Amino acid sequence: MTSDSPPANGPRHVAIIMDGNGRWAQARGRPRLFGHHAGARRVREIVEACPSNGVKYLTIFAFSTENWKRTQIEVAGLMSLFRRYILKEMQDFVKRNVRVRFIGDRVRLDEKLRGLMDEAEELTAHCTGTNLTIALNYGGRDEVARATHRLAQDVAAGKLDPNKVDEETLPKYLDTHVLPDPDLVIRTSGEARISNFLLWQSAYAEYEFIDTLWPDFSAEEFHTLVSGYGGRDRRFGAVTA
Ligand code: FPP
């Protein structure tokens with residue numbers, strides 16, 4: 001199969017935990033931020049590879065609620081990278097018909113970054129190609145807690161009947177409420193953990209933990225993983241004959 005023909009029964013929504021930037025940089029005797037910059041270039045390549053792989057939704061973990069514990073230099077460098085990335089890519093997203101959304105708690109992010117995030121979302125709101133979702137200051141438990149808070153407010157305001165709260169209700173309050181659940185979650189760099197990423201949404205996802213460090217992850221490897229997914233039998237807990 002060439003990368004021009006999307007794999008049959010491939011994943012519609014792929015989520016990626018982009019790990020290994022720091023180790024990639026350290027192996028080259030460079031500062032960690034050098035790895036993050038190389039990682040940002042990979043993001044572009046993978047977004048571009050989505051249409052030919054039949055991937056309609058791509059969700060990437062850019063900064064977790066735990067990442068604030070890194071050094072001040074690294075956090076500031078990452079925030080500056082995100083600002084520059086959005087500013088630089090915004091027009092290109094429109095040209096390539098990519099709709100951009102952000103998930104996570106925006107409150108702790110600086111005003112300039114928040115403004116750029118809003119701008120990118122508005123500017124690409126009409127795009128109908130790939131749906132790129134960037135998780136920034138995102139944590140799965142934090143998202144569920146914020147959703148529960150809003151749900152409780154609706155109950156208190158009489159807008160929601162507590163007896164009608166079921167597993168269809170909570171997802172409507174999650175940051176991802178307009179997205180389908182991920183079908184495939186990929187984590188690079190050899191760690192077999194999900195690190196608080198899309199906890200609710202990934203209940204039935206397939207996982208791929210691969211050794212490649214994120215700055216080395218290529219469109220070819222993405223294609224291989226997406227193609228491999230097509231051969232699996234997802235039963236969602238049921239038994240097939
Ligand atoms: C994990 O690698 C990576 C991050 C915390 C940041 C992810 C950010 C990027 C890929 C940069 C670009 C993203 C966008 C959207 C522009 P790590 O630092 O934990 O690596 P390590 O485990 O080797 O230390």
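As the structure is a prediction and not an experimental result, all values here were calculated from the model. Just follow the structure's listing: the first ligand is 1, and inside any ligand the first atom is 1.
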Engineer: For ligand 1, is there an N or O atom under 3.5 Å from any N or O atom of V43?
Structural biologist: no
Engineer: Only heavy atoms count here, so choose which of E89, R70, R42, R32 is nearest to atom 19 (O) of ligand 1.
Structural biologist: R70
Engineer: Evaluate R23 for polar contact with ligand 1, using N/O atom pairs at a separation under 3.5 Å.
Structural biologist: yes
Engineer: For W214, is the NZ or CZ atom of R42 found under 6.0 angstrom from the centre of its six-membered ring and inside 45 degrees of the ring axis?
Structural biologist: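 No, cation not above the ring by the 6.0 Å, 45° rule.
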Engineer: Is D175 salt-bridged to R101, going by a charged N under 4.0 Å from an acidic O?
Structural biologist: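 Salt bridge flag = no for R101 with D175.
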Engineer: Of the choices A40, A135, S189, G20, which has the non-hydrogen atom that lies closest to atom 2 (O) of ligand 1?
Structural biologist: G20
Engineer: Report the nearest protein non-hydrogen atom to atom 5 (C) of ligand 1: residue, atom name, distance rounded to 0.1 Å.
Structural biologist: N67 OD1, 3.6 Å
Engineer: Taking 4.0 Å as the limit for heavy-atom contacts, which would you say applies to L213 with ligand 1: side chain only, backbone only, both, or neither?
Structural biologist: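 Neither; nothing of L213 gets under 4.0 Å from ligand 1.
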Engineer: Looking only at heavy atoms, what is the nearest atom pair of K56 and T128, with distance?
Structural biologist: NZ-O, 2.6 Å
Engineer: Can you see whether W68 has R70 sitting over its ring - NZ or CZ less than 6.0 Å from the centre and within 45° of the normal?
Structural biologist: no
Engineer: If you measure every N or O of W24 against every N or O of ligand 1, does any of those distances drop under 3.5 Å?
Structural biologist: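 No, no N or O pair falls under 3.5 Å.
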Engineer: Would you say the side chain of L78 lies within less than 4.5 Å of the side chain of F63, judging by non-hydrogen atoms?
Structural biologist: yes
Engineer: Applying the salt bridge (charged side-chain N to carboxylate O under 4.0 Å, His left out) test to E89, which of R96, R84, R41 qualifies?
Structural biologist: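 With E89 as partner, salt bridge (charged side-chain N to carboxylate O under 4.0 Å, His left out) holds for just one option, R96.
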Engineer: Just to confirm my output: which protein heavy-atom neighbour is closest to atom 4 (C) of ligand 1, and how far is it?
Structural biologist: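 Its nearest protein heavy-atom neighbour is H36 CE1, 3.9 Å.
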Engineer: What protein heavy atom lies closest to atom 10 (C) of ligand 1? Include the residue and the distance to one decimal.
Structural biologist: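 Result for atom 10 (C) of ligand 1: N21 ND2, 3.3 Å.
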Engineer: Counting non-hydrogen protein atoms only, what is the nearest one to atom 16 (C) of ligand 1? Give residue, atom name and distance.
Structural biologist: Y85 CG, 3.3 Å
Engineer: Would you mind running through ligand 1 and noting each atom that sits below 4.0 Å from a heavy atom of M18?
Structural biologist: 1 (C), 2 (O), 3 (C), 10 (C)
Engineer: Can you find a pair of side-chain heavy atoms, one from I210 and one from L225, that are under 4.5 Å apart?
Structural biologist: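 Counting from C-beta outward, I210 and L225 do come under 4.5 Å.
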Engineer: Quick check on contacts: which atoms of ligand 1 are under 4.0 angstrom from a heavy atom of W214?
Structural biologist: 10 (C)
Engineer: Are there over 12 heavy-atom neighbours, none belonging to L199, within less than 6.0 Å of that residue's CG?
Structural biologist: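 More than 12 heavy atoms, drawn from other residues, nucleotides or ligands, come within 6.0 Å of this atom.
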Engineer: My understanding is that we take every heavy atom of each candidate and find the minimum distance to atom 8 (C) of ligand 1. Doing that for G39, A27, A25, A62, which one comes out nearest?
Structural biologist: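 Nearest option to atom 8 (C) of ligand 1, by heavy atoms: A62.
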Engineer: Given the rule that I, L, V, M, F, W and Y join up when any side-chain heavy atoms are under 4.5 Å apart, are I60 and W24 in one cluster?
Structural biologist: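 As far as the 4.5 Å side-chain criterion goes, W24 and I60 are not connected within one cluster.
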Engineer: So do the side chains of L198 and I103 get within less than 4.5 Å of each other, counting heavy atoms only?
Structural biologist: yes
Engineer: Among all protein heavy atoms, pick out the one at the shortest distance from atom 13 (C) of ligand 1; state its residue, atom name and that distance to 0.1 Å.
Structural biologist: F82 CE2, 3.9 Å
Engineer: For atom 20 (O) of ligand 1, what's the nearest protein heavy atom and its distance?
Structural biologist: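 So the nearest neighbour among protein heavy atoms is G22 N, 3.0 Å.
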Engineer: Check each atom of ligand 1 against the heavy atoms of D19 and keep those under 4.0 Å away; list them by number with element.
Structural biologist: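 Numbered from 1, ligand 1 contributes 1 (C), 2 (O), 17 (P), 19 (O), 20 (O), 21 (P), 22 (O).
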